[in-house]
Amino acid sequence: MSAFSPANPQTPITIALSKGRIFDETMPLLAEAGITVLENPETSRKLILPTSDPCVRVIIVRASDVPTYVQYGAADLGVAGKDVLIEHAAQHPGGLYQPIDLRIGKCRLCVAVPNGFDYPNAVRQGARLRVATKYVQAAREHFAAKGVHVDLIKLYGSMELAPLIGLADVIVDLVSTGSTLKANNLVAVEDIMDISSRLIVNQAALKMRRHRLQPLLDAFSRASLAMPG
Ligand SMILES: Nc1ncnc2c1ncn2[C@@H]1O[C@H](COP(=O)(O)OP(=O)(O)OP(=O)(O)O)[C@@H](O)[C@H]1O
Ligand SMILES: O=P(O)(O)OC[C@H]1O[C@H](OP(=O)(O)OP(=O)(O)O)[C@H](O)[C@@H]1O
């Protein structure tokens, strides 16, 4: 048994979070379980953060890497957006248990176009659209279901720039307040789905460490129910 095996009772419970909104919005949920993270990831360079519970630690990873850490058992639990989980599942099907919609990180996955671009007409005409997005799987499924032909251009951020600079006709991106679209003269023309963040759990850890994980799952569940629907 490796020192970091979930079967090893010495191994702390490990929760994978990304910096920024997921970390910030998860803190009140952890507080429900009586757990405080002892260092601030915005100011600390540490990637393994201790908590007020010596048996629980938080690791800081990229948002899109959270499912990977949990799926391979390097973390027992994680918090990831539905957007990230859809893209991850396309590459690594099966594997992840998603017991709780935490009702944090709420936004919408949308199709957006430059102001003045006649999207309904382009769709009616059967035009082939260049779509820039980080969310290629969700975008592929959306346009396939509509019967729209697309060339998907994978980007890792700043999608809003793509149609302004001639890289793409439309984008698929997350929208919350709409201010990023507005600032870049873009407008949302279609909602693809509502997004929120989910608690994800390693299945083997759940079997082997259920007695330790269940109180945490219960606390997350209670706290998420207090979030606005
Ligand atoms: N404007 C927003 N409002 C609310 N939730 C959002 C918003 N943007 C993203 N999210 C949610 O928060 C999650 C984390 O977003 P964040 O911006 O912190 O990471 P990222 O920059 O997308 O990830 P990576 O570092 O892997 O590129 C997203 O996967 C999504 O579910
Ligand atoms: O509708 P709004 O409230 O403006 O939010 C939408 C923006 O939020 C997300 O970016 P984020 O702020 O996470 O920046 P990043 O993806 O570049 O990290 C998303 O990719 C949009 O750009």
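In this chain, residues are counted from 1 in sequence order. One-based numbering, in listed order, for ligands and for the atoms of each.
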Discussion item. I'd like to check atom 13 (O) of ligand 2 in this structure: does the protein have a heavy atom lying under 4.0 Å from it?
Written reply: yes

Worksheet item: Hey, is the main chain of R130 close enough, under 3.5 Å, to the side chain of D151 for a donor-acceptor pair?
Response: no

Worksheet item: Would atom 1 (O) of ligand 2 count as contacted, meaning some protein heavy atom under 4.0 Å?
Response: yes

Worksheet item: Is it the case that S196 and R198 place a side-chain donor and acceptor less than 3.5 Å from each other?
Response: yes

Worksheet item: Counting N and O atoms only, with roles assigned by atom type, does the side chain of K134 sit under 3.5 Å from a partner on the main chain of L155, one being a donor and the other an acceptor?
Response: no

Practice prompt. Provide the number and element of each atom of ligand 1 under 4.0 Å from a heavy atom of G81.
Written response: 31 (O)

Worksheet, complete the sentence: Honestly, for T177 the part within reach of ligand 1 (heavy atoms, under 4.0 Å) is neither

Worksheet entry | Contact bool for atom 18 (O) of ligand 2 (protein heavy atom, d < 4.0 Å) | no

Practice prompt. Apply the side chain to side chain contact (heavy atoms under 4.5 Å, CB included) test between V131 and each candidate in V111, I171, V170; give the one that qualifies.
Written response: V170

Worksheet item: Considering K182, R108, K134, E160, which one's heavy-atom position lies nearest to atom 22 (O) of ligand 2?
Response: E160

Worksheet item: What residue and heavy atom of the protein are closest to atom 6 (C) of ligand 2, and at what distance?
Response: L174 O, 3.4 Å

Practice prompt. State the atoms of ligand 2, each with its element, that fall below the 4.0 Å cut-off from a heavy-atom position in D173.
Written response: 19 (C), 20 (O), 21 (C), 22 (O)

Worksheet item: Can you list the ligand 1 atoms lying under 4.0 Å from a non-hydrogen atom of G105?
Response: 4 (C), 5 (N)

Practice prompt. Answer with side chain, backbone, both or neither: which part of K134 has a heavy atom less than 4.0 angstrom from an atom of ligand 1?
Written response: side chain

Response to the item:
When distances are taken from atom 8 (O) of ligand 2, the protein heavy atom at minimum range is R21 NH2, 4.3 Å

Item to complete: Would you confirm whether S44, through its side chain, and P41, through its main-chain N or O, come within 3.5 Å as a donor-acceptor pair?
Response: no

Worksheet item: Against heavy atoms of V84, which atoms of ligand 1 measure under 4.0 Å?
Response: 29 (O)

Worksheet item: Under 3.5 Å between some N or O of ligand 1 and some N or O of R21?
Response: yes

Fill in: ligand 1-proximal atoms of I195, by part, heavy-atom distance under 4.0 Å
side chain

Worksheet, complete the sentence: Per-atom filter on ligand 1: closer than 4.0 angstrom to a heavy atom of S176 are 1 (N), 2 (C), 3 (N)

Worksheet item: Would you say the side-chain atoms of T51 pair up with the backbone N or O of V56, donor to acceptor, closer than 3.5 Å?
Response: yes

Worksheet entry | Q137-E141 side chain donor-acceptor pair, cut-off 3.5 Å | yes

Discussion item. Can you tell me how the ring of Y119 sits relative to the ring of F117, calling it parallel under 30°, perpendicular over 60° and tilted otherwise?
Written reply: tilted

Item to complete: Give the numbers and elements of all ligand 2 atoms closer than 4.0 Å to a heavy atom of V175.
Response: 1 (O)

Fill in: Per-residue contact class, L181 against ligand 2 - non-hydrogen pairs under 4.0 Å
neither

Worksheet entry | Contact check: D83 vs ligand 1, nitrogen or oxygen atoms, below 3.5 angstrom | yes

Discussion item. Can you name the atoms of ligand 2, numbered from 1 with element, that are less than 4.0 Å from a heavy atom of T177?
Written reply: 1 (O), 2 (P), 3 (O), 4 (O)

Worksheet item: Which atom names give the shortest non-hydrogen contact between V66 and V79, and what distance separates them?
Response: CG1-O, 3.6 Å

Worksheet item: Do any heavy atoms of G20 fall under 4.0 Å from ligand 1?
Response: no

Worksheet item: So, does K106 use its side chain to make a donor-acceptor pair with the main chain of P228 at under 3.5 Å?
Response: yes

Practice prompt. Using a strict 4.0 Å cut-off to heavy atoms of T180, name the atoms of ligand 2 that fall inside it.
Written response: 2 (P), 4 (O), 5 (O), 6 (C), 7 (C), 22 (O)

Discussion item. Which heavy atom of F23 sits nearest to which heavy atom of E39, and what is that distance?
Written reply: CZ-O, 4.3 Å

Practice prompt. Return yes when G157 approaches ligand 2 closer than 4.0 angstrom through a heavy atom, no otherwise.
Written response: no

